[in-house]
Amino acid sequence: MNIFLYDKTFEGLLSVVYYAYDLKIFPDRIYDEKSYQDDIFASKYTVISDSGQAQKVWETIKKRSSKETCQKLYKVYLSELPGIEMLIFKYIELTLKTPINIEKNYSNATVVDLNKIYKKVIREAHRIFMFTRFQKTKDGIYFAPFEPLYDVLSLSINHFKDRFGDQKWLVYDTKRNYGFFWDKKEVTEVTFKETNINTVTGDLKEEILDEDEILFQDMWRDYFKSVTIKERKNIKLHKQFLPKRFWKYLPEKKAKILS
């Protein structure tokens, strides 16, 4: 069995593809080198991430398929699902050895499986747009925490820049402990060693909130309550459209703070 180890980056995964085709040795499994548990019966190959090699693979896929396929592979990679590396490798392998474009070959299990995951990732990214609730801090930054199923926060940046380009904002993935800060000029990736986020409720600590933030949250709760028609409540349907794991980030789902 051939085991390929890489640095758990998309560039590193594309480097694995280059390495495999260059040496004519193909992986049976691909693992993150940090989390891999040694197997004495396997042949192990550690691949060093190389931007030049990764770019060559990217351009080759684009020529044999399309730019959209390249983007799809990247977004599928963001799912972080177990075995996703081998699924992407098999898809690329299929793309390179098949003379026709395989994008819509839905009779092939690899194509079908990859597209299913792609749709899940895109749906999760859209939920970021839909369920954003910013909290304003004392220094005028609008902060929104998330805990998405997949690593989709980077897919939301252009949306927030377009919608809120005139405001300073920080969107943060509490599960993966990183986020993006927009200072009205450029986006910077940030990581907190210690945070003022309550991981149970999703709230910022009250002492760093803007003076009017709690008032605005209560006003929003009052509005939400006033437009709700109790007789038409359908909790089961509501959870389908608004998964409960997002509720802790929504002021309208919390008890009123002010009397």
Count the heavy atoms belonging to other residues, nucleotides or ligands that lie under 6.0 Å from NZ of Lys62, then report whether that count exceeds 12. yes
With a 4.5 Å heavy-atom cut-off, do Glu59 and Cys70 have their side chains touching? no
Ignoring hydrogens and geometry, is there a side-chain-to-backbone donor-acceptor pair from Asp28 to Asn2 under 3.5 Å? yes
Any chance you could measure Asp162, atom CG, to Ile157, atom CD1, to the nearest 0.5 Å? 11.5 Å
Interatomic spacing from CD in Gln167 to NZ in Lys136 - rounded to 0.5 Å: 8.5 Å
Is the count of non-hydrogen atoms from other residues, nucleotides or ligands lying under 6.0 Å from Arg29 atom CZ greater than 12? no
Taken to the nearest 0.5 Å, the spacing of Ile84 CD1 from Leu73 CG works out to 9.5 Å
Report yes if the side chains of Asp173 and Phe146 come closer than 4.5 Å at any heavy-atom pair, otherwise no. no
Determine, for Arg221 against Asp218, whether the closest basic-nitrogen to carboxylate-oxygen distance falls under 4.0 angstrom. yes
Scan for salt bridge (Lys or Arg N to Asp or Glu O under 4.0 Å) pairs involving residues 86-106, sequence neighbours excluded, and state none if there are none. none
Just so I know, are the side chains of Thr69 and Tyr91 near enough to count as touching, which here means a heavy-atom distance under 4.5 Å? yes
Is Ile92 reachable from Tyr31 through a run of I, L, V, M, F, W or Y residues, each pair having side-chain heavy atoms under 4.5 Å apart? no
So which atom in Ser65 and which in Asn101 form the shortest heavy-atom distance, rounded to 0.1 Å? OG-OD1, 3.4 Å
Tell me whether the count of non-hydrogen atoms from other residues, nucleotides or ligands lying under 6.0 Å of CZ in Phe216 goes above 12. no
Taking all atoms of both residues into account, what is the closest heavy-atom pair of Thr98 and Arg64, and its distance? O-NH2, 3.0 Å
Sub-4.5 Å side-chain heavy-atom contact between Val121 and Leu155: yes
Phe89-Phe4 aromatic ring centre distance below 6.0 Å: no
Distance, nearest 0.5 Å, that separates CG of Leu94 from CD1 of Ile102: 4.0 Å
Begin with the C-alpha distance, continue with both residues' side-chain angles, and end with the deciding distance and a verdict on side chain to side chain contact (heavy atoms under 4.5 Å, CB included) for Glu68 and Gln71. CA-CA 5 Å; Glu68 288 70 28; Gln71 293 297 331; 5.7 Å; no
Could you pull out the closest heavy-atom pair between Glu11 and Ser51, with the gap in Å? OE1-CB, 3.3 Å
Report the C-alpha distance between Leu96 and Tyr21 in whole Å, list the side-chain angles of each, state the deciding distance to 0.1 Å, and finish with yes or no for side chain to side chain contact (heavy atoms under 4.5 Å, CB included). CA-CA 10 Å; Leu96 297 180; Tyr21 275 87; 3.8 Å; yes
Can you name the nearest heavy-atom pair linking Ala42 to Tyr36, along with the distance? CB-OH, 4.5 Å
Check the hydrophobic clustering (I, L, V, M, F, W, Y; side-chain heavy atoms under 4.5 Å; chains of links allowed) and say if Met86 and Ile25 are grouped together. yes
Taking atom NZ of Lys168 as the centre, report whether more than 12 heavy atoms of other residues, nucleotides or ligands fall under 6.0 Å from it. no
Say you draw a straight line from CG of Leu13 to CG of Asp7; how long is it, rounded to the nearest 0.5 Å? 9.5 Å
Side-chain heavy atoms of Tyr106 within contact of Asn115, under 4.5 Å: yes
Short side-chain to backbone donor-acceptor contact, Arg133 and Tyr249, under 3.5 Å: no
Check whether Glu147 reaches the backbone of Lys175 with its side chain - one donor and one acceptor, N or O, closer than 3.5 Å. no
Mutual orientation of the aromatic rings belonging to Trp169 and Phe160 [parallel < 30°, tilted 30-60°, perpendicular > 60°]: tilted
Kindly indicate whether the side chain of Phe129, heavy atoms from C-beta on, has any atom under 4.5 Å from the side chain of Arg163. no
Examine Tyr19 and Leu5 and state if one hydrophobic cluster contains both, with Ile, Leu, Val, Met, Phe, Trp and Tyr joined whenever side-chain heavy atoms are less than 4.5 Å apart. no
For residues 63-84, pull every pair meeting ring-ring contact (aromatic ring centres under 6.0 Å, His included), keeping only residues two or more places apart or in separate chains. Phe10-Tyr74, Phe10-Tyr77
Should we count CD of Glu207 as having more than 12 external heavy atoms under 6.0 Å? yes
Assess whether atom CG of Leu237 is packed by more than 12 heavy atoms of other residues, nucleotides or ligands within 6.0 Å. yes
Looking at residues at least two apart in the chain, or sitting in another chain, which of them share a side chain to side chain donor-acceptor pair (under 3.5 Å) with Glu124? Arg127, Arg245
Can you tell me how far NZ of Lys184 sits from CG of Asp166, rounded to the nearest 0.5 angstrom? 7.0 Å
Considering all heavy atoms of both residues, which atom of Phe241 and which atom of Phe131 are nearest to each other, and what is their separation? O-CZ, 3.2 Å
How are the rings of Phe180 and Tyr178 set relative to one another: parallel (under 30°), tilted (30 to 60°) or perpendicular (over 60°)? perpendicular
If we only count heavy atoms from C-beta on, is the Asp50 to Ile48 side-chain gap below 4.5 Å? no
Heavy-atom pair with the smallest gap, counting every atom of Trp182 and Gly165: NE1-O, 3.0 Å
Hey, any chance Phe181 and Ile128 share a hydrophobic cluster, counting ILVMFWY side chains that come within less than 4.5 Å of each other, even indirectly? no
Report yes if some heavy atom in the side chain of Leu170 is under 4.5 Å from a heavy atom in the side chain of Phe192; otherwise report no. yes
Grouping I, L, V, M, F, W and Y whenever their side-chain heavy atoms are under 4.5 Å apart, do Leu87 and Val57 come out in a common cluster? yes
